[in-house]
Amino acid sequence: MKKAVIYARFSCDKQSEQSIEGQLYDCYHYAEQHGITVVHEYIDRAMTGKNDDRPSFQQMLKDSALHEWEHVIVWKLDRFSRNTIDSALNRQILLKNGVSLLSVMESFGEDASGQMMTHIVEAINEYYSADLREKTIRGMRQSALKAQSTGHIPLGYKVVDKKLVIDEETRAIPETVFRMYAAGERLTDIADYLNAQGFRNKRGKPFTCNSFYDMLSNEKYKGIYKYKDIVIEGGVPQMIPDEVFEKVREKLSANRKRAAKNAARADYFLSGKLFCGYCGEPMSGLSGTARNGDKHYYYRCNGVQKKTGCHKHNEHKDRIEDEVCRAARALFDKMSVEETARTIHEMYIAALALNYDVDTPEIQLAECKKQAENVVNAIAQTGGNQMLYNKINELEERINQLESTIRVNRAMADNVPSVEQIKVLIDDIRATDINTMEGKKTIAEIMISKVFVYDDKLTIVFKDKDGKKVDIPLAAVNDAETNSPETDCILSALGSQTGQRRTT
């Protein structure tokens with residue numbers, strides 16, 4: 001039996017512990033219906049979904065590498081993320097670890113058109129989040145124009161009449177940090193000194209090195225108020241002299257450059273998709289250092305590493321990734337947006353009618369409630385017996401299951417995107433800049449299932465129900481932009497060829 005974990009999140013006072021319990025019930029019910037055993041729950045309470053900086057979420061991503069479960073179940077995709085880029089990148093992390101994301105309220109299937117629908121819903125969720133954020137920003141901008149406090153209050157300050165003023169009780173802490181760091185003291189030693197003096201951070205806990213990074217770069221200590229593009233000199237009472245602040249700034253800049261050079265790591269985002277064309281083994285990331293100190297990054301056949309007899313040579317990381325993404329983009333750009341959007345919409349409607357019946361569960365729910373009422377009356381009249389009590393428990397569980405099914409089916413019906421919404425998303429994907437790492441990852445996530453690498457060509461397997469393949473000569477990737485019969489596979493990959501949808 002497949003194993004899964006549940007990820008649940010609520011973000012504001014409009015959502016309560018009860019809503020979390022409702023999410024969990026629907027997730028457990030979904031798992032039971034699909035023969036999945038839930039082994040753990042990850043829950044973030046009062047956390048936003050616009051970014052992935054959530055403790056339980058990050059722990060879930062980390063734990064996925066342990067390969068102890070195969071699925072992450074969420075109530076809705078917006079519980080996972082309301083940012084399409086973050087969602088795509090984090091789903092790629094899960095996929096790399098052999099874990100798939102399942103949505104109770106948006107079960108679109110795992111084929112290519114289902115994945116396209118997932119991206120559509122994510123885009124809609126991000127628009128909703130952005131719209132709320134825009135309304136909030138307008139109010140905060142009005143406050144910022146008056147140099148009023150709009151968020152985090154730096155240590156050493158407090159708010160009086162909506163404005164930051166120096167807090168005499170805590171100002172010694174930032175003054176000490178700036179003075180010691182400018183004098184060449186290590187952050188570890190500064191933390192130890194403050195802790196020994198009995199000082200604590202805003203949460204009442206001892207200081208660590210991480211306590212100071214934001215503080216040392218915060219220009220409010222220099223008397224400069226900033227919010228977005230609004231800059232007000234003297235908008236905050238200055239605490240740290242200019243010469244001390246600038247000396248600290250120079251030291252931070254030098255340290256960051258040194259740390260970035262030492263910590264630079266390549267992102268092998270095709271790992272899990274890239275395979276040797278000769279022996280079929282996966283190709284993994286490999287780095288090397290030239291005599292002049294320059295780093296070089298490659299994909300290497302695991303068969304070569306295992307000395308199985310395969311002689312596939314290493315491939316330069318950037319070259320392979322660029323050619324794969326350019327080939328995918330060239331095929332993607334040839335599709336008819338109007339035709340594809342209408343086909344996906346029609347497929348979604350057909351799948352909805354086939355798999356998400358609302359009327360039948362409602363009839364069954366009414367019958368169950370009637371039976372439950374009769375059993376309750378029987379208990380009231382006779383005093384009840386064990387058989388009647390068992391029956392009422394069974395009916396109550398059945399009622400909960402039917403109500404969950406109805407919630408899911410109604411949500412599916414309410415989440416049907418229009419043709420125009422699908423077209424907007426397709427246009428957004430086509431506008432993805434594949435010269436950026438985020439753009440490459442996005443197009444690879446949407447389009448590519450597998451890539452088989454030979455010495456003279458790539459065989460790209462696209463995410464369509466038939467696993468269509470396209471051969472791309474390594475020496476002439478631009479040939480992919482010429483017309484060929486294989487380019488039609490993109491229409492299939494995005495749902496333009498009709499076929500029976502699979503449900504998760």
Side-chain angles (χ1 to χ4, degrees), residues 47-48 50-54 83 86 130 133-195 197 199-264:
M47 299 293 289
T48 178
K50 69 181 182 180
N51 59 55
D52 58 10
D53 187 16
R54 292 166 263 151
N83 181 296
D86 283 348
R133 188 164 61 250
E134 182 63 29
K135 292 176 181 177
T136 302
I137 287 173
R138 282 198 295 269
M140 294 180 69
R141 188 174 182 81
Q142 293 301 314
S143 297
L145 290 170
K146 303 173 186 177
Q148 295 177 345
S149 178
T150 56
H152 174 70
I153 302 172
L155 187 60
Y157 288 95
K158 61 183 178 180
V159 176
V160 176
D161 295 331
K162 299 183 179 181
K163 291 195 173 186
L164 291 175
V165 298
I166 293 177
D167 181 3
E168 297 298 335
E169 293 184 4
T170 59
R171 69 179 298 168
I173 298 174
E175 288 176 338
T176 299
V177 174
F178 273 92
R179 173 176 52 79
M180 292 182 68
Y181 191 74
E185 298 286 348
R186 298 185 308 163
L187 293 179
T188 301
D189 294 333
I190 297 173
D192 290 342
Y193 174 80
L194 291 174
N195 293 331
Q197 298 300 312
F199 291 113
R200 293 294 182 264
N201 64 22
K202 281 196 169 186
R203 297 181 180 179
K205 297 182 179 181
F207 287 99
T208 67
C209 294
N210 293 333
S211 306
F212 307 128
Y213 290 111
D214 289 340
M215 175 190 292
L216 291 170
S217 59
N218 192 335
E219 290 189 312
K220 286 185 173 69
Y221 290 106
K222 192 182 176 182
I224 299 176
Y225 180 98
K226 281 188 175 182
Y227 177 81
K228 305 292 184 182
D229 59 334
I230 299 173
V231 179
I232 302 176
E233 295 279 352
V236 181
Q238 183 170 359
M239 184 184 300
I240 305 301
D242 289 349
E243 61 274 13
V244 175
F245 193 93
E246 291 307 315
K247 189 171 183 179
V248 165
R249 190 202 298 270
E250 291 173 3
K251 286 176 61 66
L252 285 175
S253 178
N255 289 340
R256 282 174 183 149
K257 288 179 181 178
R258 184 164 56 250
K261 182 177 180 180
N262 294 335

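What you see is a predicted model; the values in this text were computed from it and never measured. Positions are given from 1 along the sequence.
Between the side chain of Y227 and the backbone N or O of S149 there is no donor-acceptor pair closer than 3.5 Å. Remark: side-chain polar atoms of N218 are not paired, donor with acceptor, to backbone N or O of D214 under 3.5 angstrom. In this structure a side-chain-to-backbone donor-acceptor pair under 3.5 Å is missing from K146 to K162.
To the nearest 0.5 Å, atom CG of residue L216 and atom CZ of residue F245 are 8.5 Å apart. To the nearest 0.5 angstrom, D192 atom CG is 10.5 Å from T208 atom OG1. Interatomic distance, L187 CG to Y213 OH, rounded to the nearest 0.5 Å: 5.0 Å.
A pairwise comparison of heavy atoms in G235 and A147 identifies O-CB, 4.0 Å as the closest pair. Between L164 and P154, the closest heavy-atom pair is CD1-CD, 4.1 Å. Looking at every heavy atom in both residues, V160 comes nearest to V165 through CG2-CG2, 3.5 Å.
Residues K247 and E250 are not paired through a salt bridge, judged by the lack of any N-O separation under 4.0 Å between the basic side chain and the carboxylate.
None of L155, T176, T170, L194 except one satisfies the side chain to side chain contact (heavy atoms under 4.5 Å, CB included) rule with F199; the exception is L194.
A search for side-chain contact (heavy atoms from CB on, under 4.5 Å) contacts involving E168 returns I166, R171, not counting sequence neighbours. Residues forming a salt bridge (Lys or Arg N to Asp or Glu O under 4.0 Å) with R200 (at least two apart in sequence, or on another chain): none. Every residue was checked against the side chain to side chain donor-acceptor pair (under 3.5 Å) condition with K163, not counting sequence neighbours, and none meets it. Listed by chain and residue number, E219, I224, V231 satisfy the side-chain contact (heavy atoms from CB on, under 4.5 Å) test with K226 (two or more places apart in sequence, or in another chain).
Sorted by first and then second residue, the side chain to side chain donor-acceptor pair (under 3.5 Å) pairs involving residues 178-188 (not counting sequence neighbours) are Y181-N255, R186-D189.
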Result block: side-chain N/O donor-acceptor pairs under 3.5 angstrom for residues 236-243, not counting sequence neighbours:
| residue | atom | partner | partner atom | Å |
| --- | --- | --- | --- | --- |
| Q238 | NE2 | I240 | O | 2.9 |
| Q238 | NE2 | D242 | OD1 | 2.8 |

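The aromatic rings of Y221 and Y157 sit tilted, their planes meeting at an angle between 30° and 60°.
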